[in-house]
Amino acid sequence: MTHVRVRFAPSPTGYLHVGGARTALFNWLFARHHGGQFILRIEDTDRARLKEEAIDNFLNSFTWLGIDWDEGPGKDGPYGPYHQSERIDLYQTATKKLLASGHAYYCFCTAEELEERREQARREGRPPRYDSRCRDLSAAEQEQLRAKGRQPVVRIKAPEEGVTVVNDLIKGDVSFDNSTLDDFVIMKSDGFPTYNFACVVDDSEMQISHVIRADEHLSNTPKQIILYQALGLDLPQFAHVPMILAPDRTKLSKRHGATNVEEYRDKGFLPEALVNYLVLLGWSPSEEREFFTLDELVREFDLGRVSKTAAVYDNEKMTWMNGHYLRELPLETIVERAIPFLEQAGTVSRADLDDRERLTRVISAIRERVKTLAEIPDAVDYFYNEVTEYDEKGAKKHFAKEGVVELLETARERLAGLTEFTLENTEEAYRQLIEERGLSGGALIHPTRLALTGRTWGPGLFEVMILLGKEQCLQRLAAAVHHIKGN
RNA sequence: GGCCCCAUGGUCUAGAGGCCUAGGACACCACUCUUUCAAGGUGGUAACCCGGGUUCGAAUCCCGGUGGGGUCACCA
């Protein structure tokens with residue numbers, strides 16, 4: 001294979017979308033698999049929609065996902081600059097070439113005129129194509145229009161007959177009738193290139209070997225091929241990856257919930273899980289397997305195993321995947337990543353957060369019971385804060401029983417009598433009491449859990465006791481008794 | 001609407017003519033483990049869009065329908 005150079009070319013108008021993230025990921029994996037380069041190119045030719053902070057958002061998202069780039073913003077290379085707004089001279093040179101060779105021409109129609117004609121075409125049920133009316137304007141006519149103050153655009157002279165075939169690595173050969181193409185704009189009246197033009201000039205200039213992009217660009221590809229041909233340039237390989245759809249089978253958008261990777265981070269998802277989930281949407285490994293590290297993906301990834309069909313994004317599976325990573329990642333890693341969420345929630349004091357040893361034990365106890373980092377503050381709450389209320393259903397079930405007050409008081413005395421408050425001792429004390437009274441384990445354990453945590457679920461009771469410490473246990477048992485009597 | 005792409009359980013997918021009585025994963029249900037909730041283990045419900053061909057044989061190849069998606073800008 002020729003030397004692999006691929007690129008991801010976002011337009012800095014918003015955030016990195018999960019669909020974009022997956023496309024970038026496919027590009028990155030392909031580059032790493034083949035020992036090639038992954039380039040980030042900023043397509044900022046639409047100055048009206050440009051957002052200053054967007055580029056940083058993108059870069060942060062990539063870094064968070066573990067995707068690095070060999071050339072691009074902050075990483076100069078031999079084919080820079082990597083912002084299209086700084087490459088205008090390149091597009092102008094290419095335009096001059098096209099104009100000189102008769103492959104392009106100036107068009108003086110205004111945006112309003114064009115919109116009007118498109119509207120009319122639609123009304124009459126015709127395809128809204130540009131009618132090439134400026135194609136053969138004489139020099140004199142052009143002068144006249146310029147004199148009127150009209151700022152022209154430059155259009156490509158598209159072939160009127162024949163067929164343009166896209167040899168796509170994923171879709172196979174796709175043919176387009178040239179008669180369906182019109183003389184599209186390559187340079188806007190503001191002197192900036194259009195997407196298709198800038199894309200071709202840059203992909204060629206940057207020696208891109210494989211253009212791997214979303215399916216929605218497939219219909220742009222014949223236009224780009226025409227530009228390559230007009231400029232006398234070699235074609236890259238094309239690969240159009242299927243789209244990611246929302247559950248209602250439409251394009252994924254804000255109204256479907258979290259769609260950009262920053263939101264996933266903020267909702268407590270792990271980058272490992274997002275990457276793993278996303279890569280499995282549209283790509284399948286050669287062996288039946290669900291979990292892959294980035295390194296394993298680099299080894300396994302293959303464009304040949306990318307599916308042709310659009311995939312529906314499933315948040316349940318994403319969440320399941322996240323839960324898996326939450327359980328499997330090193331404990332220290334989870335603790336590190338949980339801290340920002342705990343800080344944000346503000347329910348655990350600074351001092352408690354700094355007691356890393358206890359925090360680690362607490363998180364170890366609950367981590368397989370949560371699916372996202374964002375659930376951790378709530379799950380650890382009672383280890384750090386007093387229990388102020390009891391689960392309503394649980395209270396009805398466990399606090400309303402005959403003799404529960406006496407039972408909890410007795411249990412409290414037994415615990416109070418322990419000189420060493422260990423897992424073994426506490427359990428032993430409880431087992432003994434259970435046996436004495438001829439109770440089922442749950443009859444004592446359930447009300448105790450509710451008293452200590454306010455909840456009906458959580459880690460093993462004796463683990464909770466040890467984590468809470470003797471004093472807290474005694475205090476909470478007393479408080480619960482007080483609460484029950486008060487009702 | 002024109003053009004283009006696609007079509008295996010609710011969802012992600014395996015499958016490149018006989019290995020398919022269609023496999024795996026999520027979700028769901030049951031059982032199991034268990035002091036609870038999870039996690040884990042075991043089992044289960046559930047799919048080849050329809051119609052024609054081709055072939056001894058089709059989820060797989062061809063054609064036609066249907067359905068879904070994408071795209072038709074001086075946006076990328």
Side-chain angles (χ1 to χ4, degrees), chain A residues 9-13 43-46 48-49 84 107 109-111 114-115 118 122 125-130 151-155 166 168 170-172 174-177 179-182 184-196 198-199 214-222 240 242-243 245 247 249-251 277 280-291 305 307-321 323-324 327 366-371 379 394 398 427 430 434 440-446 448-450 453 455-462 464:
Chain A
S11 168
T13 53
E43 308 220 325
D44 55 353
T45 55
D46 183 352
R49 293 203 306 155
Q84 289 187 326
C107 165
C109 301
T110 66
L114 292 166
E115 181 50 44
R118 268 196 298 272
R122 269 191 282 266
R126 289 181 290 115
R129 299 174 65 242
Y130 175 65
Q151 285 290 319
V153 299
V154 179
R155 287 181 184 273
V166 179
D168 192 273
I170 294 168
K171 305 278 180 183
V174 183
S175 309
F176 296 85
D177 257 319
S179 62
T180 63
L181 266 30
D182 64 357
F184 55 92
V185 174
I186 59 173
M187 286 295 265
K188 302 184 258 186
S189 55
D190 63 3
F192 280 79
T194 58
Y195 162 72
N196 283 122
C199 190
D215 226 356
E216 55 190 327
H217 289 292
L218 184 56
S219 54
N220 275 320
T221 309
H240 288 92
M243 312 258 312
L245 268 25
R249 294 214 150 262
T250 61
K251 246 176 156 177
Y277 176 71
L280 256 20
L281 276 187
W283 175 83
S284 63
S286 55
E287 59 173 322
E288 248 164 27
R289 189 143 79 96
E290 297 298 319
F291 306 113
R305 296 192 64 85
S307 142
K308 292 179 171 187
T309 42
V312 172
Y313 172 83
D314 179 12
N315 200 48
E316 299 227 55
K317 190 161 183 178
M318 173 67 237
T319 304
W320 164 80
M321 181 70 79
H324 170 84
R327 266 170 262 126
I366 55 89
R367 77 146 149 182
E368 60 182 47
R369 277 162 251 268
V370 297
K371 287 196 156 75
H398 305 302
E427 176 154 11
Y430 259 52
I434 287 163
S440 69
L444 177 56
I445 286 170
H446 295 326
T448 303
R449 172 187 303 284
L450 192 59
T453 71
R455 309 178 189 205
T456 56
W457 63 275
L461 181 65
F462 306 106
V464 171

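Below, read A as the first sequence line, B as the second, and so on, with proteins coming before strands; counting in each chain starts at 1. Being a predicted model, the structure only gives us computed values, none of them experimental.
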Pull out every protein N or O sitting under 3.5 Å from an N or O of nucleotides 12-15 of chain B, one pair per line with the distance.
from, atom 1, to, atom 2, distance (Å)
B:C12, OP1, A:Val312, N, 3.0
B:C12, O2', A:Leu280, O, 3.0
B:U13, OP1, A:Gly282, N, 2.8
B:A14, OP1, A:Ser284, OG, 3.1
B:G15, OP1, A:Arg305, NH1, 3.4

What residues, two or more places apart in sequence or in another chain, satisfy side chain to side chain contact (heavy atoms under 4.5 Å, CB included) together with A:Pro127? A:Arg129
Rounded to whole angstrom units, what separation is found between the NZ atom of A:Lys308 and the C1' atom of B:C5? 9 Å
Between A:Arg122 and A:Glu115, is there a salt bridge with N-O shorter than 4.0 Å? yes
Only counting residues at least two apart or in another chain, list the ones meeting side chain to side chain contact (heavy atoms under 4.5 Å, CB included) with A:Arg455. A:Asp378, A:Asp381, A:Tyr382, A:Thr453, A:Trp457
If you measure from the C1' atom in B:A22 to the same atom in B:G9, how many Å do you get, rounded? 11 Å
Distance-minimising heavy-atom pair for A:Lys188 and A:Asp46: NZ-CA, 4.2 Å
Grab the CZ-C1' distance between A:Phe176 and B:G2 for me, whole Å please. 13 Å
Of all heavy-atom pairs linking A:Ala310 and A:Leu245, the shortest is CB-CD2, 3.6 Å
Please state how far atom OH in A:Tyr430 lies from atom C1' in B:U36, giving the value in whole angstrom units. 14 Å
Distance between P atoms of B:G15 and B:C56 (Å, rounded): 27 Å
Using the C1' atom on both, measure B:A25 against B:A14 and round to a whole Å. 11 Å
In whole Å, what separates the C1' atom of B:A47 from that of B:C20? 13 Å
Just the rounded figure in Å: distance from C1' of B:A27 to CE of A:Met321. 14 Å
A:Trp457 vs B:U36: side-chain N/O to OP1/OP2 distance below 4.0 Å: no
What's the gap between B:U71 and B:A58 when it is taken at their P atoms, as a whole Å value? 39 Å
Rounded interatomic separation in angstrom, taking CZ from A:Phe291 and P from B:G24: 16 Å
Using the six-membered ring wherever Trp is involved, compare the ring planes of A:Tyr313 and A:Tyr277 and label them parallel, tilted or perpendicular (cut-offs 30° and 60°). perpendicular
Closest of B:A39, B:G70, B:U36 to the A:Arg369 side chain is B:U36
B:G40, B:U71, B:A38: which one has an atom nearest the side-chain heavy atoms of A:Lys371? B:A38
Do you know which two heavy atoms are closest between A:Pro12 and A:Asp44, and how far apart they sit? CG-CB, 3.8 Å
Does any part of the side chain of A:Tyr130, heavy atoms only, come nearer than 4.5 Å to the side chain of A:Cys109, both counted from C-beta? yes
Searching all strands shown, indicate the nucleotide that pairs with B:A16 (Watson-Crick or G-U wobble; both distances under 3.5 Å). none
What is the base-pairing partner of B:A7, counting Watson-Crick and G-U wobble geometry with both distances under 3.5 Å? B:U66
May I ask you to test the A:Val153-A:Cys107 pair for a side-chain heavy-atom distance under 4.5 Å? yes
Rounded off to whole Å, could you give me the CD1-to-C1' distance for the A:Ile170 and B:G70 pair? 15 Å
Charged N to carboxylate O below 4.0 Å: is that the case for A:Arg155 and A:Asp182? no
Heavy-atom distance under 4.5 Å between the side chains of A:Ser286 and A:Arg305, does that happen here? yes
My understanding is that a pair needs two contacts under 3.5 Å, Watson-Crick or G-U wobble. By that rule, which nucleotide pairs with B:A22? none
Those residues at least two apart in sequence (or on a different chain) that pass side chain to side chain contact (heavy atoms under 4.5 Å, CB included) with A:Gln151 are A:Ser189
Watson-Crick/G-U partner (both atom distances under 3.5 Å) of B:A47: none
Do the non-hydrogen side-chain atoms of A:Arg249 and A:Val312 ever get within less than 4.5 Å of each other? yes
Under a 3.5 Å cut-off for both distances, is B:C72 Watson-Crick or wobble paired, and to whom? B:G1
Checking N1-N3 plus N6-O4 or O6-N4 for Watson-Crick, or N1-O2 and O6-N3 for wobble, each under 3.5 Å, the partner of B:A30 is B:U42
Provide the distance between the two P atoms, one in B:G64 and one in B:C48, to the nearest whole Å. 24 Å
So which protein nitrogen or oxygen atoms get under 3.5 Å of nucleotides 73-76 of chain B's nitrogens or oxygens?
from, atom 1, to, atom 2, distance (Å)
B:C74, OP1, A:Arg118, NH1, 3.3
B:C74, OP1, A:Arg118, NH2, 3.4
B:C74, O2, A:Ser189, N, 2.8
B:C74, O2, A:Ser189, OG, 2.8
B:C74, N3, A:Ser189, OG, 3.1
B:C74, N4, A:Cys109, O, 3.1
B:C74, N4, A:Ala111, N, 3.3
B:C75, OP2, A:Lys188, NZ, 2.8
B:C75, O2', A:Asp46, OD2, 3.1
B:C75, O2', A:Arg49, NH2, 3.0
B:A76, OP1, A:Thr45, OG1, 2.6
B:A76, OP1, A:Lys188, NZ, 2.8
B:A76, OP2, A:Tyr195, N, 3.1
B:A76, O3', A:Glu43, OE1, 2.9
B:A76, N6, A:Asn220, OD1, 3.3
B:A76, N6, A:Asn220, ND2, 3.2
B:A76, N1, A:Asn220, ND2, 3.3

Between A:Arg289 and A:His324, which is nearer to the 5' end of RNA chain B once each is assigned its nearest nucleotide? A:Arg289
Enumerate all atom pairs, one protein N or O and one N or O from nucleotides 31-35 of chain B, separated by less than 3.5 Å.
from, atom 1, to, atom 2, distance (Å)
B:U35, O2', A:His446, ND1, 3.4
B:U35, O2', A:His446, NE2, 3.4
B:U35, O2, A:Arg449, NH2, 3.0
B:U35, N3, A:Leu461, N, 3.2

Output the distance between atom CD1 (A:Ile434) and atom CD1 (A:Ile445), rounded to the nearest 0.5 Å. 4.5 Å
Pick the C1' atom in B:U8 and in B:G2, then give their distance to the nearest Å. 31 Å
Within this structure, what is the CE-to-C1' distance between A:Met243 and B:U71, rounded to whole angstrom? 10 Å
Mind checking the C1' distance from B:C12 to B:A27? Whole angstroms is fine. 11 Å
Which whole-number value in Å describes the distance from A:Lys171 NZ to B:U71 P? 13 Å
